[in-house]
Each structure stands twice: as structure tokens, then as C-alpha cells.
Amino acid sequence: MFPTPIEKASPTARIAYKSVLPIALILWLLPLIAVAVFSIRPAEDFTNANYWGIPSSFEGFKNYGAVFFQSDMPRYMMNSVLITVPTVLGAVALSAMTGFALGVYRFNGNLLIFFMFVAGNFVPFQILMVPVRDLTLDLGLYNTKRGLILFHIAFQTGFCTLFMRNFIRQLPGELIEAARVEGVAEWRIFWYIVLPLMKPALAALAVLIFTFIWNDYFWAVVLTQGPESQPVTAGITSFNAQYRAAYHLMSAGSIVAALPPVLMFFLMQRHFIAGLTLGAVK
Amino acid sequence: MSQMTAPPARRSWWRRNQIAITPWLFLAPGILFFAVYVILPIFQSIGISTTQWDGLGEPVSVGLRNYEELYYDPAFYVSLRNNLIWLVLYLLAIPAGLFIALFLNQTVTGIRIYKSLFFFPFVISQVVVGLVFTWFYDPAFGLLNVMLGWFGAGPVNVLGDPNYVTYGIIAAGLWPQTAYCMILYLTGLNAVNPELIEAGRLDNAKGWRMLWHVVLPQLKPATFIAFVVTIIGALRSFDLISIMTNGGPFGESRVLSFYMFEVALSEYGFRMGYGAAIAVVLFLIMLCFISYFLWSMYREERQR
């Protein structure tokens with residue numbers, strides 16, 4: 001193990017390490033802690049310039065209540081859910097198929113198609129912006145959740161295909177060979193043999209894509225406009241415009257907007273990290 | 001009669017060609033989606049960049065005039081310069097992430113919670129990171145100026161000062177990016193071959209020398225991925241700029257991705273052609289890196 005395990009060091013070093021850990025963590029998360037403290041302060045603290053002193057009263061329930069019951073925030077959150085969940089399902093389904101095709105079969109152009117997906121996944125969004133916006137307008141899907149979902153599914157398929165294909169390549173090929181000898185149809189091989197083995201990859205991709213799409217801001221701004229279809233990342237800016245200088249409410253709103261991916265991460269941590277670090281170890 | 005013989009004949013044709021046709025059937029939906037929404041738009045954008053178009057009427061072909069205008073546009077050079085600063089400074093996330101990973105690669109009680117909490121910033125949307133840092137930098141009450149005040153310095157209006165603004169935004173961007181690199185390296189360190197470390201110890205390698213000669217070579221795959229995601233992240237920077245400064249002050253924090261958006265879709269008018277030209281330049285910059293990444297991947301594939 002590198003660096004040398006701290007258990008082997010002197011007792012002083014061990015104590016020093018254990019006391020530096022929490023300090024380092026607090027420093028690392030300081031900007032976030034500040035916002036969390038803001039979000040439970042009463043409005044008067046800001047008018048009295050009591051920014052960093054002890055909060056004069058605990059108003060967490062009032063502030064978060066205002067976010068949930070007196071603003072468009074719940075609507076934006078709901079839009080985010082309705083955009084994110086179908087995208088996750090669509091992208092995972094499409095890429096399970098493309099990953100299977102590229103990972104299992106040998107045919108001319110296999111690598112070329114694979115590289116097309118990989119390269120497309122890296123292009124800057126701006127080179128797609130004008131035509132995609134135009135296409136969405138032509139389809140009558142501008143400012144709808146569906147328009148956003150269709151684009152997200154298509155774009156995420158690039159990354160997901162890279163992921164799925166590399167995962168399938170690591171599976172034992174003998175299983176598939178054996179099934180073929182038995183005369184099992186190819187689509188049955190996909191459904192009954194490969195798909196069950198891909199469960200960890202499907203879970204990892206699902207949490208990753210959930211986070212990516214929930215946090216998307218650029219396409220939300222390009223393809224949607226109002227509270228009827230905007231996800232929370234875009235909605236938070238209108239929320240902030242509404243509560244300009246009401247820092248306690250803006251902080252509470254930001255925390256609410258950030259929460260779902262955070263929960264997702266803590267609940268599915270193993271899958272999440274397995275997904276992010278695929279390929280980091282050979 | 002023919003009705004009775006046709007199905008078996010077709011089945012046998014299908015039997016014979018099943019393995020050749022199945023992959024294409026599985027690929028079809030994915031390729032269709034990807035082609036319509038990602039591949040074709042790249043070429044359409046290149047086409048649009050040679051026109052003058054407000055997004056509504058008919059595009060008017062103007063040849064390379066958009067690129068000529070770009071050549072004389074000072075805002076373009078400001079964006080290009082900032083892109084370069086982003087690229088260079090964003091790479092600091094890699095050593096910073098490695099440093100934190102080394103710091104946390106221990107087995108004391110509760111270390112797993114520390115690791116996840118250090119990773120935390122990456123999970124939060126860039127929009128919220130932008131807001132959090134905007135308040136952190138606020139000249140009236142921001143924590144940064146409170147802390148500077150302890151040392152008798154400041155106050156500094158980071159986001160209002162053309163000299164500091166880009167660096168301030170990059171610092172905000174480095175926060176989640178460092179967390180990402182950290183998690184890559186933690187995973188990599190987990191898989192480092194302990195026998196090689198022990199061998200190094202017997203050879204009296206310690207600290208830096210051990211890190212440089214024994215550990216880092218084994219972390220190469222993690223470093224490659226960290227490099228890829230950091231470069232892409234640097235060139236994609238948009239959310240933070242849009243949230244924190246909206247390109248200001250005086251357009252000094254623009255980068256190409258933001259400037260393109262501003263030209264094509266802002267309140268100052270819809271100049272799709274000019275915007276597309278900026279996008280093409282950004283795409284060409286990205287293409288250098290994409291080609292390098294693909295080339296590296298291709299070498300790996302051939303080794304298998």
C-alpha cells in the first residue's frame with residue numbers, strides 16, 4: 001500500500017493525521033457549509049449584516065417551507081424528474097443494444113462505429129446547438145420535456161455505448177459460444193445470457209446518467225424556456241431573480257436543487273464510483 | 001402449397017445470416033438517434049457557419065465572411081485567451097486530485113465517509129457550484145473577504161475585476177474537477193501491486209522517488225482518464241461562467257463556448273451563422289484532443 005499505512009507510523013503521527021482529517025474536510029467543504037448555514041438564517045440577519053455570526057434564530061423550516069410551498073421550485077423539480085428518468089431508461093436501453101452488438105460480434109466497421117460513438121461523445125455542445133435547436137423547433141418540441149429527452153438520449157448513447165461495450169468485452173465469451181452451439185437464437189442470447197450479466201453496468205450507468213442529466217444546464221437553456229418544462233438547474237436562475245438578495249431563500253433553493261443527485265450518490269455509491277472509474281484500473 | 005414451404009425457407013435463410021444481421025439490428029436505433037442528433041448537426045453547423053442567418057428566415061450564403069469577421073473580432077481573442085488559461089489551469093486538478101487521494105489512502109476508522117464527503121462537490125450541479133462560489137467571493141459578505149480581512153488584506157471583488165475574474169471562475173471549477181480526479185486516483189491506488197511497493201521499499205525507495213518510479217507508472221490508466229475528462233471539462237466550461245458572471249465584466253470572462261451562445265441566442269440578436277463559425281473553431285480545437293484520445297484507444301485495442 002502506498003503511502004505507508006499510518007498504523008505503522010509513530011503514535012504522534014497517527015494522532016496528527018486523525019486530527020488533520022476533519023479540519024481538511026471542513027476547509028474543503030467550506031463554501032458549501034456556508035450556504036447550508038445561510039439557508040437556516042432568518043431574513044433579518046441579512047438586513048442586520050449578521051452574515052457570519054450565530055444565526056439569531058433557526059428558520060430552516062420556514063425557509064425550506066417557502067421554497068417548497070411558495071415558489072415554482074416543486075414544479076421545476078418535477079420537470080427534472082420527468083426529464084431525467086425517461087432519459088436514463090432510453091439511453092441505457094439503446095446502449096445495452098449497441099454495446100452488445102459492438103462487444104460480441106466481429107464485423108467490418110465495428111471499430112469505426114465504436115469510435116464514432118466515442119468521438120461524438122467528446123464534441124463541444126456548441127457545434128450541435130444551432131442544428132439541434134432548429135430540429136427541435138421543426139418537430140414542434142421546442143420548450144417541451146420531450147424535446148429535451150430525445151436529445152439527451154441520443155447524446156448520452158455515445159458515452160453509454162463506450163461503457164457497455166467495454167464492459168461486455170470483459171465478460172467470458174465461452175458462455176455465448178456455448179449457447180450458439182446449442183442453437184439459441186441471437187436475441188435470446190442477448191436477453192437471457194448477456195443482459196443478466198450486465199446488471200452491474202446497467203446500475204452504474206443509470207446512476208451516472210441520472211446525475212449528468214439532472215445537472216445539465218446548457219441544453220435546458222437552449223431547448224426550454226418557462227416553468228412548464230424547464231428543469232431545476234435552469235429554474236433556479238428564475239427563482240433567484242424572483243428572490244433577489246433574499247440569500248436565505250436562494251441558499252435553501254440551491255440546496256434543494258442539488259439534493260437528488262447527492263442522495264443518489266450516497267445510496268448507490270458503489271455503482272456510482274464503479275461507473276466513474278471504469279478503465280482507471282487495468 | 002407455397003404458403004406452407006415459404007416459412008421454413010425463410011427461417012433457414014435467417015439461420016444462415018443471423019450472425020451477420022443481428023448486430024446491425026441491435027445497432028440501428030442507437031445509430032439512428034446518434035446520427036440525427038450528434039453526427040449530422042456537426043456538418044450542418046459547418047454549413048451554417050458560411051451563412052448569415054437569424055434562425056427564422058432563409059439563410060443567406062456569405063462564404064467565409066463570418067470567419068473573416070472573427071479574425072478582426074477582439075472579443076474572439078479574449079475568449080480564445082481565456083480558453084487557453086482554462087486548459088492550462090484546469091489541469092491542476094490532476095496533481096491536486098492525486099495529492100488528496102494520497103492523503104486519504106489510509107485505513108483509519110471512518111475513512112470511507114471522508115472519501116465520499118471529499119468527492120461530494122463533483123455530484124453537485126455546476127449551477128449550484130457557481131452560486132455557492134459567487135457568494136463565497138461576494139465583496140460585501142463573502143467568506144473569502146472575511147478570511148482575507150483576518151490577514152489585513154482585501155476586500156477583493158474577484159468577479160468584478162477583469163484581471164481576476166477568469167481565475168476566480170476556474171478556481172470554482174477546479175473544486176469538483178479535483179474531486180473527480182481524486183476518485184480516479186483512489187481507485188487506481190487501490191489496485192497498485194503491493195509486491196512492487198515492497199520491492200521498492202527493499203531497494204530503499206521512499207516518498208517522492210517511490211511515487212515517481214513505482215506508483216505513478218502503475219497509475220497510468222487513471223492519469224489518462226483524468227487527463228481526458230479534465231481537458232473536455234475545461235473546453236466545455238459554460239455553466240459556471242453563465243451563472244457567475246454572464247461573461248462579464250466587460251466580456252472579460254468569456255470563453256469560446258460562452259461567446260458562441262451569446263452571439264447565437266442572446267438578447268442582442270440571433271446571429272446563428274457567426275455563432276456557428278465560433279463553434280467550428282472550438283470544434284477544431286477539440287478535434288486535436290479527440291484525435292489524440294482515439295489514437296491512444298486504437299493502440300490499446302490493437303494490443304488486445
Side-chain angles (χ1 to χ4, degrees), chain A residues 1-3 5-6 18 21 25 28-32 34-35 51-52 94-95 97-98 100-101 105 107 111 113 115 117-120 122-124 126-132 151 153-155 157-158 161 186 211 215 217-218 233 236 254 257-258 261-262 265 269 273 276-277 279-282, chain B residues 18 22-23 26-27 29-30 33-34 37-39 41-42 44-45 48 102 105-108 114 116-118 123-128 131-133 136 141 143 146 183-184 187-188 191-192 194 197 210 215 221-222 225 232 235-236 238-239 257 260 264 272 275-276 279 282-283 286 290 294 301:
Chain A
M1 197 168 153
F2 185 83
I6 202 84
K18 282 184 185 168
L21 262 182
L25 181 67
W28 180 245
L29 293 180
L30 200 59
L32 214 58
V35 172
Y51 296 113
W52 299 111
L94 280 187
S95 61
M97 286 160 51
T98 51
F100 173 72
Y105 299 90
F107 56 91
L111 208 57
I113 292 173
F115 278 3
F117 280 116
V118 177
F122 289 142
V123 299
Q126 282 71 18
I127 192 110
L128 313 178
M129 188 185 101
V130 176
V132 166
F151 171 76
I153 290 179
F155 192 80
T157 300
T161 300
E186 296 295 313
T211 312
N215 291 342
Y217 174 68
F218 181 77
T233 41
I236 187 95
S254 307
V262 171
F265 166 64
Q269 205 178 129
I273 289 174
L276 269 186
T277 55
V281 174
K282 280 282 136 66
Chain B
Q18 193 184 6
T22 311
F26 273 95
L27 278 171
F33 259 73
F34 207 67
Y37 271 107
V38 182
I39 304 299
I42 295 173
Q44 286 170 319
S45 272
I48 294 168
L102 290 171
N105 194 33
Q106 295 290 351
T107 46
V108 296
Y114 277 106
S116 4
L117 285 173
F118 265 90
V123 192
I124 304 170
S125 86
Q126 299 245 318
V127 172
V128 175
L131 288 171
V132 167
F133 269 82
F136 184 71
F141 62 81
L143 208 47
V146 173
I183 209 80
L184 287 170
T187 312
V192 163
I197 302 280
M210 174 80 98
V215 180
I225 296 184
I232 302 288
L235 287 172
R236 278 210 178 137
F238 172 88
D239 302 5
S257 63
M260 183 275 167
M272 301 289 182
L282 181 60
F283 175 68
M286 202 85 110
I290 295 175
L294 287 184
E301 287 293 325

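So you know, we letter chains A, B, ... as the sequences are listed, proteins then strands, and number each from 1.
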- Query: When you measure from the side chain of Q106(B) to the backbone N and O of I6(A), does any donor-acceptor pair fall under 3.5 Å?
  - Reply: yes
- Proximity breakdown for V128(B) and chain A, heavy-atom pairs closer than 4.5 Å: side chain
- Evaluate the side-chain proximity of S116(B) to F265(A): yes if any heavy-atom separation is below 4.5 Å, no if none is. yes
- chain B contacts, top residue of S95(A), A258(A), P31(A), P261(A) (heavy-atom pairs, under 4.5 Å): P31(A)
- Message: For Y105(A), give me all partners under side-chain hydrogen bond (donor to acceptor under 3.5 Å, both in side chains), at least two apart in sequence or on another chain.
- Response: E186(A)
- Query: Which atoms form the tightest heavy-atom contact between M286(B) and F122(A), and what is the distance?
  - Reply: CE-O, 3.4 Å
- side-chain hydrogen bond (donor to acceptor under 3.5 Å, both in side chains) against T161(A), all qualifying residues, sequence neighbours excluded: T98(A)
- Message: Between L282(B) and chain A, with a heavy-atom cut-off of 4.5 Å, which part of the residue counts as in contact: side chain, backbone, both or neither?
- Response: both
- Message: Need one label for L143(B): side chain, backbone, both or neither, based on atoms under 4.5 Å from any heavy atom in chain A.
- Response: both
- Message: Is the ring pair Y217(A)/F238(B) parallel, tilted or perpendicular, if the boundaries are 30 and 60 degrees?
- Response: tilted
- Heavy-atom distances under 4.5 Å only: say whether V215(B) touches chain A with side chain, backbone, both or neither. side chain
- Using non-hydrogen atoms and a 4.5 Å limit, figure out which bit of F218(A) sits close to chain B: side chain, backbone, both or neither. both
- Is it the side chain or the backbone of L32(A) that comes within 4.5 Å of chain B heavy atoms, both, or neither? both
- Message: Is the distance from the ring center of F117(A) to that of F34(B) below 6.0 Å?
- Response: yes
- Item | Max heavy-atom pair count under 4.5 Å with chain A, selected residue of R236(B), M260(B), M272(B), Q44(B) | R236(B)
- Query: Do you know the tightest heavy-atom contact between M129(A) and A264(B)?
  - Reply: CE-CB, 3.6 Å
- Taking every heavy atom of F141(B) against every heavy atom of W52(A), the minimum-distance pair comes out as O-NE1, 2.6 Å
- Task: Indicate yes or no for a side-chain donor-acceptor contact from S45(B) to the backbone of I127(A) under 3.5 Å, with no hydrogens or angles considered.
- Result: yes
- Message: Donor-acceptor check, side chain of N215(A) to backbone of Q126(B), threshold 3.5 angstrom: yes or no?
- Response: no
- Note on the structure: So, the part of F155(A) with a heavy atom under 4.5 Å from chain B: the answer is both
- Item | Region of A119(A) that comes under 4.5 Å of a non-hydrogen atom in chain B | both
- Is any side-chain heavy atom of I236(A) closer than 4.5 Å to a side-chain heavy atom of L131(B)? yes
- Message: Please find the pair of heavy atoms, one from F2(A) and one from N105(B), that lie closest to each other, and give the distance.
- Response: O-ND2, 2.6 Å
- Item | Which atoms of Y51(A) approach chain B - backbone, side chain, both or neither, heavy atom under 4.5 Å | side chain
- Query: With only heavy atoms counted, which part of I42(B) is less than 4.5 Å from chain A, the side chain, the backbone, both or neither?
  - Reply: both
- Message: Among F133(B), F283(B), F136(B), which residue has the highest count of heavy-atom pairs closer than 4.5 Å to chain A?
- Response: F283(B)
- Message: Quick check on the interface: out of L276(A), I273(A), V132(A), who has the most heavy-atom pairs with chain B under 4.5 Å?
- Response: L276(A)
- Proximity breakdown for V123(B) and chain A, heavy-atom pairs closer than 4.5 Å: both
- Pick from V118(A), L29(A), T211(A) with the largest number of heavy-atom pairs that fall under 4.5 Å of chain B: L29(A)
- Part of W28(A) lying under 4.5 Å from any heavy atom of chain B: both
- Item | Contact winner vs chain B - I153(A), T233(A), L21(A), L128(A), heavy-atom pairs under 4.5 Å | L21(A)
- chain A contact via I124(B) - which portion, at a heavy-atom distance below 4.5 Å: both
- Item | Engaged part of V146(B) at the chain A interface, taking heavy atoms whose separation is under 4.5 Å | side chain
- Note on the structure: The interface call for V262(A) against chain B, heavy-atom contacts under 4.5 Å, is both
- Message: Under a 4.5 Å cutoff for heavy-atom pairs, which residue among T157(A), V35(A), V123(A) has the most contacts with chain B?
- Response: V123(A)
- Message: Using a 4.5 angstrom heavy-atom cutoff, name the option from F33(B), F26(B), Y114(B) with the most pairs to chain A.
- Response: F26(B)
- Note on the structure: d(L235(B) CG, Q126(A) CD) to nearest 0.5 Å is 10.0 Å
- Note, I113(A) side chain near L27(B) side chain (heavy atom, < 4.5 Å): yes
- Note on the structure: chain A shares the most heavy-atom pairs under 4.5 Å, among A191(B), G188(B), G275(B), A222(B), with A222(B)
- Query: With only heavy atoms counted, which part of L102(B) is less than 4.5 Å from chain A, the side chain, the backbone, both or neither?
  - Reply: both
